[in-house]
There are 2 protein chains.
Amino acid sequence: MSEVESFFKSAFSVDNVIFGFDGGDLKILLIQRGAAPYKGKWALPGDLVYPNEDLDTAAERVLEQLTGLRDVYLEQVRAFGAVDRHPLGRVITIAYFSLIKISDYTVTPASFAQSAMWHSVNKVGDLAFDHKEILDSCLKRLKRKVRMAPIGFELLPPKFTLTELQQLYESILAPPKGIDKRNFRKKILSTNLLNDLNQVQEGVSHRPAKLYEFDKDKYEQLVAEGYSFDI
Amino acid sequence: MSEVESFFKSAFSVDNVIFGFDGGDLKILLIQRGAAPYKGKWALPGDLVYPNEDLDTAAERVLEQLTGLRDVYLEQVRAFGAVDRHPLGRVITIAYFSLIKISDYTVTPASFAQSAMWHSVNKVGDLAFDHKEILDSCLKRLKRKVRMAPIGFELLPPKFTLTELQQLYESILAPPKGIDKRNFRKKILSTNLLNDLNQVQEGVSHRPAKLYEFDKDKYEQLVAEGYSFDI
DNA sequence: AGGGTTTGGTGTAGAAAAAACAATAAGTGC
DNA sequence: GCACTTATTGTTTTTTCTACACCAAACCCT
């Protein structure tokens, strides 16, 4: 048995769907594979899990190596383990998604940085392995979760406008007829989780919008009292 | 041991939270461990995944070996992979839950049958490994899923009464004040997914209730048209 | 046969939430 | 000051949710 064959006798990995938002479409960070299998193909960033490493830790490590970022929102979605999903052996993978502020992502420290690129989720073609299926699964989870927990803010800068927030929700949920502006503002403000900063946008060539921040402390206090976010 | 070799020392398993309902509490099927580690402790039925076996297939196999049942509702929840979760080595496990009609489960064919027993989910104490955590996770998933998809019927016999159905929902969701009978019937019948069989219960010493069946074909047709179950 | 017991079955009114919908305000650029 | 762009705000209608109580149908017992 060759070294490669034996290495892949049985292993597990993590793959990370890294979401970002820049005001337009929802984006994910993909890397272009530099080695076989699937050389040259776009793929989710991932790695084998080290023997003494928790799954969450491995996912955090993959994220940090690629983006330099720590302490970001990360959630496990599920395992993918079809027998033939990896051409070189039996590798099951645990899928994660994470949410980062795209502006925090600058040219990256990791070696695969040069081949990493943001892609609109709507324009992602075939990916290596079963990564398209993993992406679909993570996107579906995000769509559900973003309505049940205030995680959308993880994709926005600390100060944001209500229009930006609405565009974020529209880019994730993609409702057929868009979201009604008045109803959206009513609902999001009624949570009382946004602080009006009494500041406005600068540098825009039209009426500047007010800036808000998400009040995480208040949210956690409400949760402790039984509150459940729902938008 | 080299780093490469140590990747071999890992294994993966599936564990299955098997739910059943008998009219009273919601139940799960546990087995009593006959060997170390955790000998004598109650645990979720599970097994290592064979090298040429898909994860779903492994979960189905575990279920069939224990209950003799095939073609039952089965859903992956997520992976549990803490480094120290298994005392004998690195074993990550993929958690599944399944829903069976408790009346279909008779004395079982598998060798561990003698030590398998139904336990009320509310009265489960400590379990082997991290199985309590897995159970909690699966129960949480079931609570959400049973409202978003018509999977509750998987726990009931083909013909059931509305009271039985309501008791099922109450046993899963455990709402503080119970569920209002009239509102529940209104909502569930308004889906038009229950066929009135024009039959009544027999052998009860009070007014017999009408029997219904779930119309799976109709449901699948509606889903194809964009329908989304919500109760 | 009749009354007691148990569970089955049904409708309506008020409250709350969701959806539909358009005019004015505050900036910039010319 | 006028044209242009985006921001901000409230009301009405519709739908959904919630709360709530009485009669019906079977069995049991005497």
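A note on names: the letters A, B, ... follow the listed sequences, proteins ahead of strands, and every chain is numbered from 1.
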Is there a donor in the side chain of A:Q199 and an acceptor in the side chain of A:K159, or the other way round, less than 3.5 Å apart?
yes
At 4.0 Å (heavy atoms only), tell me whether A:V204 reaches a base, stays on the sugar-phosphate, or touches nothing.
sugar-phosphate
Calculate the interatomic distance between B:K186 atom NZ and D:dT15 atom P; express it in whole Å.
16 Å
Taking the nucleotide of DNA chain D with the closest heavy atom to each, which residue, B:D180 or B:D230, is nearer the 5' end?
B:D230
On a plain distance test, is the side chain of B:K187 in donor-acceptor contact with the base of D:dT16 below 3.5 Å?
no
Can you classify the ring geometry of A:Y105 versus A:W118 as parallel (below 30°), tilted (30 to 60°) or perpendicular (above 60°)?
perpendicular
By side chain to side chain contact (heavy atoms under 4.5 Å, CB included), B:S103 pairs with (sequence neighbours left out) B:K101
Rounded off to whole Å, could you give me the CG-to-C1' distance for the A:N183 and D:dT9 pair?
12 Å
Once you round it to whole Å, what is the distance between C1' of D:dT18 and CD1 of B:I231?
15 Å
Under 4.0 Å protein heavy-atom contact, by nucleotide of nucleotides 1-10 of chain C - B base, S sugar-phosphate only
-----BBBBB
Pairs touching residues 132-143 of chain A that satisfy side-chain hydrogen bond (donor to acceptor under 3.5 Å, both in side chains), sequence neighbours left out:
A:E75-A:R141
What is the distance from CD of B:E202 to P of D:dA25, rounded to the nearest Å?
18 Å
Would you mind checking if B:E64 and B:R70 are paired as a salt bridge, meaning a charged N to carboxylate O distance below 4.0 Å?
yes
Separation of D:dT9 atom P from A:F184 atom CZ, nearest Å, is 14 Å
Decide whether a cation-pi geometry holds between A:R78 and A:F80; the criteria are a distance under 6.0 Å from NZ or CZ to the six-membered ring centre and an angle within 45° of the ring axis.
yes
